[in-house]
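Only one structure is covered here, and it is reproduced in the block below.
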Amino acid sequence: MISNKDIICVSNTTWYGEYTKSTVQLMSRLAQRNRVVFVEYPYTLKDLIFAILRKKEAPVKRMLGIRRRLITIKSDVDTSVYNLVMPPVLPVYWIKKQKIFDLALKFNSWIYKITLKKLIKKLEFNEPIIVNAYNPFYGTPLINQLNQSSNIYYCYDGYDTGFYGDKVYDVDHKYTELADAVITTSDYLKEDKLQFNKKSYVVKNGVDYEVFASNVKTDVNKSGDKKVGYIGSLDHRFDIDIVEHAIRQLPEFEFHFTGNLRNLEIKNRLEKYNNVQFFSAIGPNDVPALLASYDVGIIPYTITEYNKNIYPLKINEYLAVGVPVVMTAFADLKDFEGMVSVPNDKESFVEALKKETNLDTPVLIKERCEFAKKNSWDKRTEEFGKILFDSL
């Protein structure tokens, strides 16, 4: 694995949160042999105001410099990572006029550049590797500004134009062309990036295998009362129609949905059924035990151009605790052929749920666990680190 390097990850998420993040998993493990800085989500002045008004959570004192912006934190794999909160930047994604947007983004990029230069000097970093994690707006402006040895674009999803606007495609394509390497999480994303950069690779999502395996199912539920589980964001990707059909056709099955409710229509349509329950999001440490309580896990995403980009984190997590998986054919996930059920329509989705729960065995549980073990975050980090090393 790559070692004795200085790595700065310019992220588009926070370190902590209610769901597993691939960037956090990778950086935690890279920190075993390297010095790693994780730059938190770019909080804006709007975030600052909302946090002061207690309408959202944000590290106000660190944003304002009242408390140290740079701290050291311990990861779940017992490594030390530097964690940096930037000063608040301007909210820019809503700006439609290109000249005004460019000017505002230039100001934000200046804040990033100045703050990171101070950090590099303070920590005595030597030619750091810059890993831009799904944050291309701050990719191109920082090239050749930080005496970096390489610029790596880690793109783990497609972009929602509803939030960023159409301009995100131009920004993404430009940074993709300029990056020394592009790392994606799915074959579909890799093929897209290869149009702009021949040094595009894929490192698929993994699972914290040791944690999940400690909660593996020990037996199969032989009763007629089966539990169908879903964990994750309940958002625009969720196929309400196919799930509602299954709920109607399988009144003897319990359907449990756990996660942030971002699309109210999901709950409005499904909560009226007696065999449906909704639960709030839980912390990552509580996920393995919850998944092990399911008789089958579902990933019911709609089949759209946007969802073709997805390599879902939860697929390996379900398998790591031995739970069978039924998912829609939203993406071409050949790696899981023969290991999960991918029905084509509503009726076959129902039949797949029946089959996976009725025909499950301890032998199949073991096979799923062994399969997931090959997709551990440790193995994924080795792949990721090799690309970083080769890009130098």
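No experiment lies behind these values; they were computed from the predicted model shown. All residue numbers in this chain count up from 1 along the given sequence.
A salt bridge does not link Asp102 to Lys167: none of the charged side-chain nitrogens sits closer than 4.0 Å to a carboxylate oxygen. One finds a salt bridge joining Arg380 and Glu383 here, because a Lys/Arg side-chain nitrogen approaches an Asp/Glu carboxylate oxygen to under 4.0 Å. Ion pairing between a basic and an acidic side chain is recognised when a charged N comes within 4.0 Å of a carboxylate O; Arg368 and Asp360 show such pairing.
Heavy atoms of other residues, nucleotides or ligands lying less than 6.0 angstrom from CD of Glu57 number 12 at most. Remark: Asn268 CG is packed, more than 12 non-hydrogen atoms of other residues, nucleotides or ligands lying under 6.0 Å away. Atom CD of Glu252 sits in a crowded spot, with more than 12 heavy atoms from other residues, nucleotides or ligands closer than 6.0 Å. Residue Asp390 qualifies as enclosed at atom CG: its count of foreign heavy atoms under 6.0 Å is above 12. Counting heavy atoms of neighbouring residues, nucleotides and ligands inside a 6.0 Å radius, atom CD of Gln98 exceeds 12 of them. For CZ of Phe389, the number of neighbouring non-hydrogen atoms (other residues, nucleotides, ligands) closer than 6.0 Å is 12 at most. Few gaps surround NZ on Lys56; more than 12 heavy atoms of other groups in view lie less than 6.0 Å from it.
Residues Asn309 and Glu305 share a closest heavy-atom pair of ND2-O, 3.9 Å. Residues Tyr112 and Val89 come closest through the heavy atom pair CE1-CG1, 4.3 Å. Closest approach of Tyr230 to Ile298, counting heavy atoms only: CD1-O, 3.3 Å.
Aromatic ring orientation, His236 versus Tyr306: tilted (interplanar angle from 30° to 60°).
No donor-acceptor distance shorter than 3.5 angstrom exists from the side chain of Asn375 to the backbone of Gly206, with no hydrogens or angles considered.
Taking the six-membered ring for Trp, Tyr43 and Phe50 have ring centres at least 6.0 Å apart. If you look at Tyr294 and His256, their ring centroids are not closer than 6.0 Å. For Phe137 and Tyr93, the ring centers are positioned less than 6.0 Å apart.
Across Val228, Ile231, Leu234, a single residue satisfies side-chain contact (heavy atoms from CB on, under 4.5 Å) together with Phe257, and that is Leu234. Under the ring-ring contact (aromatic ring centres under 6.0 Å, His included) rule, Tyr134 has a single partner from Tyr159, Tyr175, Tyr41, which is Tyr159. For the salt bridge (Lys or Arg N to Asp or Glu O under 4.0 Å) with Asp208, the lone residue among Lys373, Arg29, Lys379 that qualifies is Arg29. Residue Pro343 is tested with Val350, Val326, Leu353 for a side-chain contact (heavy atoms from CB on, under 4.5 Å); the sole match is Val326.
At a cut-off of 3.5 Å, with distance as the only test, a side-chain donor of Asp172 or Tyr153 sits close to an acceptor on the other residue. Defined by atom type and a distance below 3.5 Å, a donor-acceptor pair is missing between the side-chain atoms of Thr381 and Asp378.
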So Tyr311 and Asn316, side-chain hydrogen bond (donor to acceptor under 3.5 Å, both in side chains) or not? Walk me through it.
-> CA-CA 10 Å; Tyr311 180 106; Asn316 282 309; 3.2 Å; yes
Mind running side-chain contact (heavy atoms from CB on, under 4.5 Å) on Ser22 and Trp377 for me, showing each step along the way?
-> CA-CA 9 Å; Ser22 62; Trp377 278 120; 3.4 Å; yes
I would like to know whether Lys174 and Glu177 meet salt bridge (Lys or Arg N to Asp or Glu O under 4.0 Å); could you show each step before the answer?
-> CA-CA 5 Å; Lys174 185 176 181 181; Glu177 290 175 348; over 6 Å; no
Show your reasoning for whether side-chain contact (heavy atoms from CB on, under 4.5 Å) applies to Leu142 and Asn151.
-> CA-CA 9 Å; Leu142 292 178; Asn151 298 277; 5.7 Å; no
Is there a side-chain hydrogen bond (donor to acceptor under 3.5 Å, both in side chains) between Asp76 and Ser28 once you walk through the steps?
-> CA-CA 8 Å; Asp76 288 342; Ser28 295; over 6 Å; no
Met339/Val325 under side-chain contact (heavy atoms from CB on, under 4.5 Å): CA gap, chis, key distance, verdict | CA-CA 8 Å; Met339 187 56 57; Val325 178; over 6 Å; no
Decide yes or no on salt bridge (Lys or Arg N to Asp or Glu O under 4.0 Å) for Arg248 and Glu244, but give the supporting numbers first.
-> CA-CA 6 Å; Arg248 285 174 174 168; Glu244 184 173 29; 3.6 Å; yes
Ile8 vs Leu119, side-chain contact (heavy atoms from CB on, under 4.5 Å): CA-CA, chis, key distance, verdict | CA-CA 10 Å; Ile8 299 175; Leu119 173 140; 4.1 Å; yes
Are Lys21 and Thr14 close enough, and set up right, to give a side-chain hydrogen bond (donor to acceptor under 3.5 Å, both in side chains), and what steps lead you there?
-> CA-CA 9 Å; Lys21 301 165 186 175; Thr14 59; 2.9 Å; yes
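At least one test fails for Lys199 against the ring of Tyr201: distance under 6.0 Å to the centre or angle within 45° of the axis.
Inter-residue side-chain proximity for Asn12 and Pro42 is flagged as met; some heavy-atom pair is nearer than 4.5 Å. By the 4.5 Å heavy-atom criterion applied to side chains, Thr115 and Pro87 are counted as neighbours.
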